[in-house]
Visitor: 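Please see the structure below; I have some questions.
Convention: sequence-line order gives letters A, B, ...; per-chain numbering from 1. Computed from a predicted structure; not experimentally measured.
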Protein chains: 2
Amino acid sequence: MAKRANVASDELDARKATILQAVVAEHIDTAQPVGSSSVIQSADLGVSPATVRAEMVTLEREGYLVQPHTSAGRVPTDKGYRYFVDHLEAGVLGPAEQEQIKGFFKRVRGEVEDVLEQTSTLLSQLTSYTSVVVNTAHAHATILSAQLVNLDARHHLLVTVFSDGTVVKHSVKASFDASHLDVAEASKQLNALLLGTTLESRVQVPSRADNVAKLVRESVSVLRAEQPTGEDEQVFIGGSSRVAESFDGVETVRQVLSILEQELLVVSLVEDILDRGLSVAIGSEHGYEPLSSCAVIVAPVAIDGESIGVVGLLGPTRMKYPEALAAARAVSHHLVRHFGGEVESE
Amino acid sequence: MAKRANVASDELDARKATILQAVVAEHIDTAQPVGSSSVIQSADLGVSPATVRAEMVTLEREGYLVQPHTSAGRVPTDKGYRYFVDHLEAGVLGPAEQEQIKGFFKRVRGEVEDVLEQTSTLLSQLTSYTSVVVNTAHAHATILSAQLVNLDARHHLLVTVFSDGTVVKHSVKASFDASHLDVAEASKQLNALLLGTTLESRVQVPSRADNVAKLVRESVSVLRAEQPTGEDEQVFIGGSSRVAESFDGVETVRQVLSILEQELLVVSLVEDILDRGLSVAIGSEHGYEPLSSCAVIVAPVAIDGESIGVVGLLGPTRMKYPEALAAARAVSHHLVRHFGGEVESE
DNA sequence: TATTGGCACTCGATTCTACCGAGTGCCAAC
DNA sequence: GTTGGCACTCGGTAGAATCGAGTGCCAATA
């Protein structure tokens, strides 16, 4: 993709890289601008502060660093963070955290939803960032049962059970009064029709004009009428209170929280990042300005190449990338194991 | 309850009351300590500041007011707020808000859950406080359908549809391998057994020892095994980002958010207030210290005396009680109308 | 006896100044 | 290319001065 050395500011020589990485690491740690001397202390390249300063001028010109004001240390830009995470050797998880994850997955019981909900809490506790767990499984799951229940003459409820253990209901409103028998018959036909199919597969609906056929047609169309995105996914957000710690400035906190309230938006944010092949989106890299001081980490949860969900973390741009990445990946990995071979609901 | 005038600091003479109310109103408005002169301006009792000051000393001694420091105005205590809301004449809603609510309920479509979710957003927008909507309906609803679906030989899913349009699932784990036929038979029996019953009513389970009967028994017991509280309620929280605006001090914000994350806790908080016959709980009146700078407003949603839910608002103790109370009541009222006569799911 | 105007006093908030020091950019020397 | 030296910048902190809103108290008043 990148041309080659020439214009491409894609690569830095070893010393610049070391300096940049030192600055980023230090700033993540202290939240303070980093000066040339502290770089010397943490990374020991055998050079003087003056040399580091000279390099930092270059790094600033190339957009990796900025000075909050003259005569202060430097702070990484989004581009700086980007370089940092791109050149990160695989992070490791502390043994305590590994144990916590293992223990958690040994312990959890209950419906898929409960497990995922608790997983998102776990992930947030592990990292002290806000976590997002998205379940996309049942888009690909096969239907185990479809049943039409009538609430009153014109209102019915289509209840669909998927092979991943999720249950989905849809209101079906008829334009005519249907008898109990009609509904029961429609229910039977629906079940036969949809059994073993997925939301994506084509089915042959009856074209007759009787009430039963109408009900069947209406039900199938309601079931298929999936919203563009996010509507058929489940989202679990854990540790939203962490937002308060992660950012300074009430307004920023408010904006981030307000984004988190819109679950559809969170889903598309996370999936968008994944679609672009990234595992981290920093600052303005995802399109949402209110999140410009955030970084988002994502890790796909996939069984045999089939994506069944996403886990994500949202924190300040100066988040602890190695740990957070490791945690997200570990949890994703354990989720796969947990839901992998066996039936998902346990 | 109160003895009589003597010790009972329960009642205040007219002038003290006016002063207290003026102080509270002013402080709610400005968030600043209120001095004697501003009391004169807003409430015109024909007396001088000096007199007001004298009264305020009394009010302070009796615990209605405090001074943040010598030579500052006064700020209401929880007790002060309590007096204020207890002596509030019924607040009214602006015509714009009324219109907004009306329009909303004319417009909403979809499952109960969606309606309630959106209602909580509405309530939060109306008041600019965080809102809570709790659905307790299906505890009293009758069962329209119960179905057992098998995921694999030992794992089954009990899917129950209630008359209020909610659908609940429970995992049923068997200690033996059941055939498809067994499960189908058990499902049929379960449906016949549970149809028309509520979660509270007693049913006669088969005592036979065959697989089908075992499945039926296990299913019924799983369905009945309701958690002490909160587990069978649905909670919808809207506008949690408002927390960031409502409180100063990152730590307070964090704590409140962290409470809001625990939905069970929120349910019991809200129901507890309701059980105690209150419609407002101020500061330390509800038992949760992390919420000591919060006030919680609740309004029951009841059809024919049967509680089907609660709507609530959470804001700072200096919240706009009249408006917030009016909004909560109006929304509760409209919810009753919306779900009242007709079938709940529409 | 309740009310009031007058007055000294308190104390947080604001402003201003001085100053410290971390950190820079530049440059001449190595 | 690297370095030590140096003047310079500028945010942050501390202290002093000031302001003013608001109080508590008291003697005078109706």
Visitor: Who are the salt bridge (charged side-chain N to carboxylate O under 4.0 Å, His left out) partners of B/Glu285, not counting sequence neighbours?
Guide: B/Arg82
Visitor: Restricting to side-chain contact (heavy atoms from CB on, under 4.5 Å), what partner residues turn up for A/Ala50, sequence neighbours left out?
Guide: A/Ser48, A/Arg53
Visitor: Determine, for nucleotides 13-30 of chain D in 5'-to-3' order, which nucleotides have protein heavy atoms under 4.0 Å from the base (write B), from only the sugar-phosphate (write S), or from neither (write -).
Guide: ---------BBBB-----
Visitor: Give me the residues of residues 17-30 of chain A where at least one heavy atom lies under 4.0 Å from an atom of DNA chain D, by number, or none.
Guide: none
Visitor: Using atom CD of B/Glu55 as one end and atom C1' of C/dT3 as the other, report the distance to the nearest whole Å.
Guide: 11 Å
Visitor: Grab the NE2-C1' distance between A/His69 and C/dG21 for me, whole Å please.
Guide: 12 Å
Visitor: List in chain and number order the residues that pass side-chain contact (heavy atoms from CB on, under 4.5 Å) with B/Glu245, two or more places apart in sequence or in another chain; answer none if no residue qualifies.
Guide: A/Arg254, B/Arg242
Visitor: Show me the side-chain donor-acceptor pairs of residues 27-35 of chain A shorter than 3.5 Å, one per line, residues at least two apart or across chains.
Guide:
unit_1, atom_1, unit_2, atom_2, d
A/His27, ND1, A/Tyr81, OH, 3.2
A/Thr30, OG1, A/Glu26, O, 3.0
A/Thr30, OG1, A/Gln32, N, 3.2

Visitor: Could you check whether any side-chain N or O of A/Ser120 sits under 3.5 Å from a backbone N or O of A/Gly238, counting only pairs where one atom can act as donor and the other as acceptor?
Guide: yes
Visitor: Would you kindly give the CG-to-P distance between A/Leu45 and D/dT3, to the nearest whole Å?
Guide: 10 Å
Visitor: Which pairs, with at least one residue in residues 311-332 of chain B and sequence neighbours excluded, count as a salt bridge (charged side-chain N to carboxylate O under 4.0 Å, His left out)?
Guide: none
Visitor: Just to verify, what does A/Gln67 make a side-chain contact (heavy atoms from CB on, under 4.5 Å) with, not counting sequence neighbours?
Guide: A/Glu60, A/Arg74
Visitor: Taking only residues two or more places apart in sequence or in another chain, which ones pass side-chain contact (heavy atoms from CB on, under 4.5 Å) with B/Ala326?
Guide: B/Leu93
Visitor: With a 4.0 Å limit, can you tell me whether B/Thr51 has a side-chain N or O closer than that to the phosphate oxygens OP1/OP2 of C/dT3?
Guide: no
